[in-house]
Amino acid sequence: MDHHFVGIPELTGVPRVAVVIDVMRAFTVAAWAFSRGVEKIVLASTESEALALKESRPGWLALKDGAPAPGFDAVNSPGLLRSRDFAGRTLVQKTTAGTVGALAVADAPLVLCASFVVAGPTARFLQTRDCGPVTFVVTGEGGQADEDLACAQYIGRCMAGDDVEAAPYLHRARTSRAAAELAGGLRSGFHPDDVDLCLEIDRFSFAMKACREESLTVLRPVAVPAIEP
């Protein structure tokens, strides 16, 4: 199947089906947030918008890239998020690449956000929709991030029903520039387990679907049944 792999700067028009990839770390963090009880994630275009949304809705929380900052309740790190209890909460997320990519295609009829931790469920969700070629938005490094491209290509292969070995794709991600920067402590808001957590293939059994809800772009988990052996 002739899928398209593009960076955010290369997007033109509105794709029919978009899968936005951010492995390290936005959509790994989003998946962990859902696993810790978050009801929905609102994607914000700026940090100031994230704080304004939080302040206007009692009980909402805000998350950002980088170091902790006043007004934000969490940072974009799966290792720092995994022990938190967010039962029933709404999380407003603003990151450097992932949320930017999702907002860029928010008008598409179908938008999924993905990383390795939800790769299999994402592929199965797309298979059930028989949706044809997918536009994969590779958010990191202007579309050149190998961890995101590897994840996108892996999902594309899984959609085709191939018996795909995940190890080569995970190796590309582990040896990517983003992984080296995280492992070297060069990115703030970091936990030593972040790289490993970003590379846990199919850790979760849901896909993540973004939809317009009034004026907001909202990400929610969608349960995807496992394939019977």
Side-chain angles (χ1 to χ4, degrees), residues 1-28 30-32 34-35 97-98 101-102 104-176 178-179 195-211 219-229:
M1 192 173 291
D2 188 19
H3 302 304
H4 310 289
F5 303 89
V6 300
I8 298 171
E10 300 167 314
L11 285 166
T12 57
V14 178
R16 190 164 67 91
V17 178
V19 178
V20 187
I21 307 290
D22 190 331
V23 171
M24 297 183 185
R25 296 166 280 177
F27 297 138
T28 300
W32 270 98
F34 288 131
S35 80
V105 293
D107 290 328
L110 176 60
V111 180
L112 301 180
C113 296
S115 62
F116 279 112
V117 297
V118 293
T122 301
R124 293 197 300 276
F125 181 91
L126 292 165
Q127 284 177 320
T128 63
R129 295 299 181 95
D130 191 24
C131 58
V134 172
T135 297
F136 286 95
V137 183
V138 178
T139 62
E141 300 177 29
Q144 301 302 310
D146 202 35
E147 73 281 3
D148 292 342
L149 184 58
C151 183
Q153 291 171 340
Y154 175 74
I155 293 171
R157 287 282 307 280
C158 290
M159 281 182 64
D162 296 342
D163 185 12
V164 188
E165 173 58 54
Y169 299 92
L170 294 172
H171 176 74
R172 286 170 55 191
R174 187 174 292 279
T175 55
S176 67
V195 172
D196 288 339
L197 291 172
C198 289
L199 301 180
E200 289 187 320
I201 192 77
D202 298 347
R203 170 73 187 240
F204 305 112
S205 59
F206 50 81
M208 299 187 294
K209 184 179 179 182
C211 294
L219 190 64
R220 294 182 184 271
V222 180
V224 181
I227 296 175
E228 294 294 333

Phe204/Phe34 under side chain to side chain contact (heavy atoms under 4.5 Å, CB included): CA gap, chis, key distance, verdict: CA-CA 10 Å; Phe204 305 112; Phe34 288 131; over 6 Å; no
Non-hydrogen atoms of Arg25 and Asp22 that approach each other most closely: N-OD1, 3.2 Å
So, do Leu199 and Glu147 sit near enough that their side-chain heavy atoms are less than 4.5 Å apart? no
Residue pair Ile21 / Ala152: nearest heavy atoms and the distance that separates them: CG1-CB, 4.0 Å
Taking Gln127 for the side chain and Cys158 for the main chain, is one N or O donor matched with an acceptor at less than 3.5 Å? yes
In short, Ala18 meets Pro15 closest at the heavy-atom pair CB-CG, 3.9 Å
What verdict does the side chain to side chain contact (heavy atoms under 4.5 Å, CB included) test give for Arg174 and Asp196, after you've listed the backbone C-alpha separation in whole Å, the side-chain angles of each residue and the deciding distance to 0.1 Å? CA-CA 8 Å; Arg174 187 174 292 279; Asp196 288 339; 2.9 Å; yes
Listed by chain and number, what are the side-chain hydrogen bond (donor to acceptor under 3.5 Å, both in side chains) partners of Arg16, not counting sequence neighbours? none
Gap separating the OG1 atom of Thr139 from the CE atom of Met24, nearest 0.5 angstrom: 12.0 Å
Non-neighbouring partners of Tyr154 that pass side-chain hydrogen bond (donor to acceptor under 3.5 Å, both in side chains), sequence neighbours left out: none
Could you label the plane-to-plane angle of the Phe5 and His3 rings as parallel, tilted or perpendicular, counting under 30° as parallel and over 60° as perpendicular? perpendicular
Roughly how far apart are Phe136 CZ and Asp148 CG, rounded to 0.5 Å? 12.0 Å
For side chain to side chain contact (heavy atoms under 4.5 Å, CB included), just list the numbers for Val20 and Val105, CA-CA rounded to whole Å, side-chain angles, deciding distance to a tenth of an Å, and then say yes or no. CA-CA 9 Å; Val20 187; Val105 293; 3.7 Å; yes
Determine all donor-acceptor pairs shorter than 3.5 Å in which one atom belongs to a side chain in residues 107-126; sequence neighbours excluded.
residue, atom, partner, partner atom, Å
Asp107, OD1, Arg212, NE, 3.3
Asp107, OD1, Arg212, NH2, 3.2
Ser115, OG, Phe27, O, 3.2
Ser115, OG, Thr28, OG1, 3.3
Thr122, OG1, Val118, O, 2.7
Arg124, NE, Pro225, O, 3.0

Contact summary for Glu141 and Ala178, nearest pair of heavy atoms: OE2-N, 4.3 Å
Rounded to the nearest 0.5 Å, what's the gap from CD on Gln153 to CG on Asp146? Could you check? 7.5 Å
For Leu219 and Ala30, the nearest pair of non-hydrogen atoms, with its separation, is CD2-CB, 4.0 Å
Interatomic spacing from CE in Met208 to CZ in Arg220 - rounded to 0.5 Å: 14.0 Å
To the nearest 0.5 Å, atom OG1 of Thr175 lies from atom CG of Leu170 at 10.5 Å
Please determine whether the number of non-hydrogen atoms from other residues, nucleotides or ligands lying under 6.0 Å from atom CD of Glu10 exceeds 12. yes
